[in-house]
Amino acid sequence: MSYFRNRRSRALFAKGLESLKMGLATCDATKLDEAVAVSQRAVDGLDTSSALLPDYLNLLGLALQARSSCTGSMVDEMRLINVYEHMVAVTPLNHPNRSWNVSLLGGALTFWFERTGSAAALERALFVLEQGLAATAPDHPERGWSLFALGRVLGHRYDHTGSAADLDRAIDLLWQALNITPYGHPSLPTFFVNIACDLANRFGRTGDIADLEQAIDIYEHVLTITPPDAADPNLAIANLGSALQSRYEHTGSLADLDRAIDLTEHALATAAVQDGKRAALLSNLGSVLQSRYEHTGSLADLDRAIDLTVQAIAATGHDHPARVRYLLNLGKAFATRFERTSRPADREQTLKLFREATGVISAPVADRVLAAREWGRIAAAAQFWDQAVQGFSAAVELMGLAAPRELGRADQEFQLSRFAWLASEATAACLQAGQPDRAVEVFEHSRAVLFSQVLDARSDLSSLRRAYPALAAQFVRCRDILDRPDTRLSAPADIDSTAAAGVDADIRKNAAAEFGHVLTEIRSRSGFERFLAPRRLAELLPAAENGPVVLLNVAPLRSDALILTTDGGVKVLPLPGVSDDAVIEQVNRFSDALALAHDSNVSSSARKAAVEAMTSVLIWLGDHITSPVLDDLGYTSTPRDDSPWPRVWWCPAGALSLLPIHAAGRHQSFAQRPDAVIDRVVSSTVPTLRALIHARRSKAADPQPKVLVVAMPHTPGQADLPGAADEAKHLQQLWGTRVTVLGLPNTISATYANVTAHLSDHAWVHFACHARSDNTNPSASHLLLADRPLTMTDLTQTRKPHAELAFLSACATAHSGTKVLDEPIHLAAGCQLAGYRHVIASLWTISDTDTAWLTKRFYTTLNAPTTVDTAAVVLHHAIRNLRALNRPRPHLWAPYTHTGP
């Protein structure tokens, strides 16, 4: 009986194949329906154990794929995945076509992701293709295709999540595929196009023009080797046009712009009406025409760009991931035309498009953030304040999702760098809408995103442990994996760096997924509904219980100080003389002056001019920001010797965080009414309100804490720091056996291992050494030890539950750089995340001699009958005394800052 069944199935197989060939030639729906139906009957007629089953399922899959390509049927695509899953399941491991069959399943899953944005389909595709590649012998004829398929999917995951490790590994795999594929192979053009696309994407990430040039060269080469009857002859042409547009935007070459238009026009003109890539071609041509409009001002180009992008959107499903980018392009085009013509209808269309783009949940989250920000900006420009708050609020709520914990630290920082000024703009819009409470919440939740991810996850878990110990343990395990930025957690020692990054990315991704599930589970339990949820104003106001907290917000729309007090709530104090351009000008002026003041090779007159420039910046800060705030608070005089000093906590946003707010004002010796901040209040700086609340949760437990001193008076390749030894000896004189010194002669060496081992059982730590601040990669900022650096991320990974005080007697340890201004990425922040409640650090290069003097003064006073919680007051008086010695030279006395309660 099975013989006759199989014989009938063979006949049906032949008939299905013939129908498929005829249907493919003309997209004949009747023939394709017949091919699907007959192929299904052929599969059904086979014994389940038949060796022919994989081939028959393959034919059924091809028929479904062909019909879907012609009709756009999502049902066929879903069915195709099931068919290919069945095909792979019944294909023996030693079957010669297994690698190909696995690639077909991976391709079907990848296409489903491209159509729907389904992260589950993408991860399933990666799993299947990883397994398939691992099982493919190095000399297997299909190994090149297996490498290509996996590389292609990793490139997709980069597009969706922004993981640079995925992109680098994708490029590596694609090169491997090319290297083992013989010249003349029909797959070569496809391989080349994909690697060129990934190289162009890497240029967009790093700005390395060499990647873009190589991508363009590859596209040009593909045009010479692609046969006229290729399945997709326009792909290289269209992608070359996009790459040339990118080079035009980078170099301004009009020749590139004109050729980009010609190539995209040709690709669109020759694309079939039913071509699934037609929408992308329409959008690409609209984008490049917009670029030409910006150069020439030709309204005809802009009008055509709008028409083309409207067609692209019409040809794209509402849940298609690419739709958000088409909507963004069209929204920008309408916004540009509104600027030119002032047509209200264009502005209404712009708002509608950006609002719709924000809601495309299948799209990359970063694109949705950009859309929401544009929605807020356009609404604000139109003075539609409620709508502006809606747009900016949506952007803020999505920000954290755009930099998820599954990404490595560098990837997270890159994603957040795309949203520069969002926090300040959103806060300003809330204030303009008359919503100061919402403004504080937005200010808090849109800044220090990465800092807060770590800090919030390290919140007190005692209640959770008591109620649900198993959930608490699972939460901690996932958190601890995610708290290790960019590590090679369990990668084999002999694996290459690109593959190791891939291993790390997969571990983080799995931990992040589990973390999300655990968080959902915890929030489903009674009493934990708001576990790690964004704080409401009522939960933030306790930050001001010991004195006012001043949030400083600067935006193009308006600039304000938001003054938080426990009795008055939120008071908004406008700062009319402050703008983002003015702040950036002061930052640049101060930075240039600092460089000259510390340069021993410049003339004395140049250094004098630099000091005068710094002084003028401090006066500007006082006149425009700090004096209005302190006057409003009633802090207008210097407290008497027997009176306590008032405390103020400053929380500056954006570029203001690069300036010494605590040193603002005029520093006159005998002024009747003090102007300088330092003569009116004790200042501390905080990254967020939550950080201040977190630091106040515990008090100093040990009245005689153990002190670790890491002193590096001699560091290879660096100038000697004799003051480091003096600082260590002074602390030994004060506290004797409570002090452990590393780094001096006759003490334990200050190696990385020794320092990290001793940190855990010392509540106080004092670093007297060199430090390096990295403007382009602030997470790599580090303290120089005897053998290897101690980085900001090293500190972030540690947790010291009983840590109290960290004194960083080193240069620029509170300097974040300019990459992500609203993210505290520096050594001082690393100490905070490690658990130190009080952190003393510096904003710029410090003097070894003056710092040694300040250190002795600080610790001698702290040794009096006081507690570590007086650290801010003690530092304040030490700085005032240092100022008395160096009043005309603020670069010597003003860099020191306190962070904490």
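Just the heavy atoms: all of them, side chains too, but no hydrogens, waters or symmetry mates, feed the values below. Everything numeric in this text was worked out from a predicted model, so none of it was measured.
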Above 12 or not: heavy atoms from other molecules or residues under 6.0 Å from [atom1] of [X]?
{"X": "Lys571", "atom1": "NZ", "answer": "no"}
{"X": "Asp641", "atom1": "CG", "answer": "no"}
{"X": "Arg523", "atom1": "CZ", "answer": "yes"}

Less than 4.5 Å apart, side chain to side chain, heavy atoms only: is that true for [X] and [Y]?
{"X": "Val710", "Y": "Leu790", "value": "no"}
{"X": "Trp853", "Y": "Asp726", "value": "no"}
{"X": "Val476", "Y": "Arg465", "value": "yes"}
{"X": "Pro534", "Y": "Glu397", "value": "no"}
{"X": "Leu862", "Y": "Thr870", "value": "yes"}
{"X": "Glu804", "Y": "Pro705", "value": "no"}
{"X": "Pro660", "Y": "Leu618", "value": "yes"}
{"X": "Val440", "Y": "Leu551", "value": "yes"}

Can we say [X] and [Y] salt-bridge, meaning some charged N sits less than 4.0 Å from an Asp/Glu carboxylate O?
{"X": "Glu585", "Y": "Arg589", "answer": "no"}
{"X": "Arg535", "Y": "Asp456", "answer": "no"}
{"X": "Glu441", "Y": "Arg438", "answer": "yes"}
{"X": "Arg883", "Y": "Asp679", "answer": "yes"}

For Glu425 and Leu557, run side chain to side chain contact (heavy atoms under 4.5 Å, CB included): C-alpha distance rounded to whole Å, both residues' side-chain angles, the deciding distance at 0.1 Å, then the answer.
CA-CA 7 Å; Glu425 290 180 276; Leu557 178 63; over 6 Å; no

Taking [X] for its side chain and [Y] for its backbone only, find out whether a donor-acceptor pair lies under 3.5 Å.
{"X": "Gln412", "Y": "Ala403", "value": "yes"}
{"X": "Thr849", "Y": "Gly723", "value": "no"}
{"X": "Glu529", "Y": "Gly527", "value": "yes"}
{"X": "His876", "Y": "Ile678", "value": "yes"}
{"X": "Ser579", "Y": "Ala582", "value": "yes"}
{"X": "Thr899", "Y": "Thr685", "value": "yes"}
{"X": "Arg405", "Y": "Gln453", "value": "yes"}
{"X": "His802", "Y": "Gly835", "value": "no"}
{"X": "Arg690", "Y": "Leu540", "value": "no"}
{"X": "Asp850", "Y": "Ile846", "value": "no"}

Tell me, with the steps shown, if Ile661 and Val550 meet side chain to side chain contact (heavy atoms under 4.5 Å, CB included).
CA-CA 11 Å; Ile661 303 296; Val550 182; over 6 Å; no

Answer yes if the side chains of [X] and [Y] hold a donor-acceptor pair under 3.5 Å, and no otherwise.
{"X": "Thr740", "Y": "His762", "value": "yes"}
{"X": "Thr688", "Y": "His694", "value": "no"}
{"X": "Thr791", "Y": "Asp794", "value": "yes"}

As a quick check of understanding, evaluate side chain to side chain contact (heavy atoms under 4.5 Å, CB included) for Val873 and Arg647, giving each step before the final call.
CA-CA 8 Å; Val873 177; Arg647 296 282 308 275; 4.2 Å; yes

Sequence neighbours excluded - side chain to side chain donor-acceptor pair (under 3.5 Å) pairs with any residue from residues 648-661:
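Output for this query lists Trp650-Ser683.
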
Is the ring pair Phe807/Phe858 parallel, tilted or perpendicular, if the boundaries are 30 and 60 degrees?
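Geometry flag for Phe858 against Phe807: perpendicular rings.
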
Option from Leu630, Val681, Val682 for which side-chain contact (heavy atoms from CB on, under 4.5 Å) with Pro646 holds
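Of Leu630, Val681, Val682, side-chain contact (heavy atoms from CB on, under 4.5 Å) with Pro646 is met by Val681 alone.
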
Residue pair Phe475, Phe531: steps toward the ring pair (Phe, Tyr, Trp, His ring centres under 6.0 Å) verdict
CA-CA 12 Å; Phe475 175 88; Phe531 182 76; 5.4 Å; yes

Minimum heavy-atom distance between [X] and [Y], given as atom pair plus value:
{"X": "Asp560", "Y": "Pro574", "result": "OD2-CA, 3.4 Å"}
{"X": "Leu562", "Y": "Ala439", "result": "CD2-CB, 4.0 Å"}
{"X": "His838", "Y": "Pro901", "result": "CE1-O, 3.4 Å"}
{"X": "Val583", "Y": "Ala655", "result": "CG1-CB, 3.8 Å"}
{"X": "Ala426", "Y": "Val442", "result": "CB-CG1, 3.4 Å"}
{"X": "Thr566", "Y": "Leu541", "result": "CG2-O, 3.9 Å"}

In sequence, state the C-alpha distance, the side-chain angles, and the governing distance for Thr565 and Asp567, and then conclude on side-chain hydrogen bond (donor to acceptor under 3.5 Å, both in side chains).
CA-CA 6 Å; Thr565 57; Asp567 55 349; 3.1 Å; yes

Distance (rounded to the nearest 0.5 Å) between [X] [atom1] and [Y] [atom2]:
{"X": "Ser616", "Y": "Gln586", "atom1": "OG", "atom2": "CD", "answer": "6.5 Å"}
{"X": "Ser847", "Y": "Trp893", "atom1": "OG", "atom2": "CH2", "answer": "15.0 Å"}
{"X": "Leu658", "Y": "Ser816", "atom1": "CG", "atom2": "OG", "answer": "7.5 Å"}

List the steps, then state whether side-chain hydrogen bond (donor to acceptor under 3.5 Å, both in side chains) holds for Asn886 with His891.
CA-CA 9 Å; Asn886 296 284; His891 60 292; over 6 Å; no

Chi angles and distances behind the salt bridge (charged side-chain N to carboxylate O under 4.0 Å, His left out) call for Arg666, Asp623
CA-CA 9 Å; Arg666 292 171 175 80; Asp623 289 348; 2.6 Å; yes

Just distance, no hydrogens or angles: give the donor-acceptor pairs under 3.5 Å from side chains in residues 821-832, sequence neighbours left out.
from   : atom 1 : to     : atom 2 : distance (Å)
Asp822 : OD1    : Gly654 : N      : 2.8
Glu823 : OE1    : Val449 : N      : 2.8
Glu823 : OE1    : Leu450 : N      : 3.3
Glu823 : OE2    : Val449 : N      : 3.4
Glu823 : OE2    : Leu450 : N      : 2.8
Glu823 : OE2    : Phe451 : N      : 2.7
His826 : ND1    : Ala828 : N      : 3.4
His826 : ND1    : Ala829 : N      : 3.0

Show the numbers, then the answer: is there a side chain to side chain contact (heavy atoms under 4.5 Å, CB included) between Arg696 and Asn546?
CA-CA 10 Å; Arg696 286 191 178 134; Asn546 291 337; 3.4 Å; yes

Matching residue for Asp761 among Lys706, Lys800, Arg738 - test: salt bridge (Lys or Arg N to Asp or Glu O under 4.0 Å):
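Only one of Lys706, Lys800, Arg738 forms a salt bridge (Lys or Arg N to Asp or Glu O under 4.0 Å) with Asp761, namely Lys706.
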
